[in-house]
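Fair warning: this is a prediction, and the values are worked out from it, not measured in the lab. Letters go in sequence order (proteins before strands), and every chain restarts at 1. Just so you know, these numbers use all the heavy atoms, side chains as well, and skip hydrogens, waters and symmetry mates.
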Protein chains: 2
Amino acid sequence: MRGTDVTSQAKLDFDAWRSRVVERLARDHQRPTPQRLLVAETLFHHGHQNLDELHQHARRADPTLGYATVYRTLKLLEKCGLVNCSNFGDGTARYEINLHAAEHHDHMICTGCGRIVEFENDAIEAMQRQIALAHGFELTSHRMDLYGVCPRCQRRK
Amino acid sequence: MRGTDVTSQAKLDFDAWRSRVVERLARDHQRPTPQRLLVAETLFHHGHQNLDELHQHARRADPTLGYATVYRTLKLLEKCGLVNCSNFGDGTARYEINLHAAEHHDHMICTGCGRIVEFENDAIEAMQRQIALAHGFELTSHRMDLYGVCPRCQRRK
DNA sequence: CTAGGTGCAAACAATTTGCTGCTCA
DNA sequence: TGAGCAGCAAATTGTTTGCACCTAG
């Protein structure tokens, strides 16, 4: 609500994210290079973007940053469990940070403007486990994307 | 259970599918060419396959069948609402027939052997509508994929 | 005939990799 | 010094399209 709260809250989260990245990289004997941290930072500020968009954003802070570096960094962060990659309809892979490892959320995508809203719902997750169980599957993960028209796009029509 | 039953059942479904394809193509002023019907048939017998696999399968029946023809036929059938295209983790698009237009089902994918089991669950769908409503979205469609280890792969370990 | 359909091969676009030089422990 | 890292450019992969030939109405 109040500017200071939001700011300090955002800052806090970003620091937590940053240290998580550094720590996790160190654990895997990977160097927390400026480029990698820049990619991680960009990812923090711009969720659900594809490789190209992330590269564009990051380039504003460091114009020499290469495309392959962003690519390899994303793969690296993904392998470390720090980011998730998903694919909504349009042909490109989109990345988002995975701030709290255990937490899983799903997506609702507006087919009008492409806006992505995140949500989670324990009841549905419980039912998913039931379904898996009924088929004898050992559930490891899931994805659920809801497509629809957001309020703003509904009004615009 | 008994061979005859299964066979006749399968045959019945296939005929229904085939006539639906022919009928739907006719309605859109598209010709039910042998190649298109072959693709439709292949699709019926081999669900959740990608373009390349479908092409391989179809080629057994008609070695002259071109890749582009399979591609264009799939797009055509998709536009007619006869097939659905989805994308599970691996980089390729997979196709499946959409026998009963109104019916929607979801997928459970074995991360061990890639086997795909279809299911549907009304309760979850109801909750999805609730979630969308809560965010002011007008829900148009959804996808839900559960990933896990199938009973067979669990035993193998 | 002629519109639509096919197969081939080439074009595309997103992603992935090889390589060379550089940097930091 | 040397293992890991960055940037460039080329290779790869999945998908899409242009074009010339063909076939059924």
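- Residue A/Thr33 has no polar side-chain atom (N or O) positioned under 4.0 Å from OP1 or OP2 of D/dG4.
- With no hydrogens or angles considered, a side-chain donor-acceptor pair links B/His107 and B/His48 at under 3.5 Å.
- Put simply, A/Gln30 has a side-chain N or O that comes within less than 4.0 Å of OP1 or OP2 on D/dC5.
- Each of A/Pro34 and B/Arg94 has a nearest nucleotide on DNA chain D; the 5'-most of these lies closest to A/Pro34.
- When the side chains of ILVMFWY residues are joined at heavy-atom separations under 4.5 Å, either directly or via intervening members, A/Ile116 and A/Tyr95 end up in two distinct hydrophobic clusters.
- In terms of phosphate contacts, B/Thr64 brings no side-chain nitrogen or oxygen within less than 4.0 Å of OP1 or OP2 of C/dT6.
- Atoms NE2 (B/His29) and P (C/dG4) sit 11 Å apart, rounded to a whole Å.
- Between A/Leu51 atom CG and D/dG7 atom P the separation is 14 Å, expressed in whole Å.
- Spacing between atom OH of A/Tyr67 and atom P of D/dA10 amounts to 16 Å, rounded to whole angstrom units.
- Follow the hydrophobic side-chain contacts under 4.5 Å out from A/Tyr67 and you reach A/Leu37 in the same cluster.
- Note: CD (A/Gln56) to P (C/dA14) measures 12 Å, nearest angstrom.
- Among the nucleotides C/dT15, D/dT15, C/dG7, the one closest to the side chain of B/Ala68 is C/dG7.
- Per the geometry, NZ belonging to A/Lys75 stands 21 Å off P belonging to D/dG4, to the nearest Å.
- Contact annotation: A/Arg72 side-chain N/O to C/dT16 OP1/OP2 distance is not under 4.0 Å.
- B/Glu53 has its CD atom 16 Å from the P atom of D/dT13, to the nearest Å.
- Residue A/Tyr71 places none of its side-chain N or O atoms closer than 4.0 Å to OP1 or OP2 of C/dT15.
- Listed candidates were C/dA3, C/dT15, D/dA6. Nearest to the side chain of B/Arg31 is C/dA3.
- A continuous path of Ile, Leu, Val, Met, Phe, Trp and Tyr side chains, each step under 4.5 Å between heavy atoms, connects A/Leu51 with A/Phe44, placing both in one hydrophobic cluster.
- In summary, the side chains of A/His46 and A/Glu53 do not present any donor paired with an acceptor at a separation below 3.5 Å, with no hydrogens or angles considered.
- Nearest to the side chain of A/Thr92, among C/dA14, C/dG7, C/dG5, sits C/dA14.
- The separation between A/Leu74 atom CG and C/dA14 atom P is 16 Å, rounded to whole Å.
- Comparing C/dT16, D/dC5, D/dT16 by their nearest atom to the side chain of A/Arg36 picks out D/dC5.
- Residue B/Leu76 contributes atom CG, which lies 12 Å from atom C1' of C/dG4 at whole-angstrom precision.
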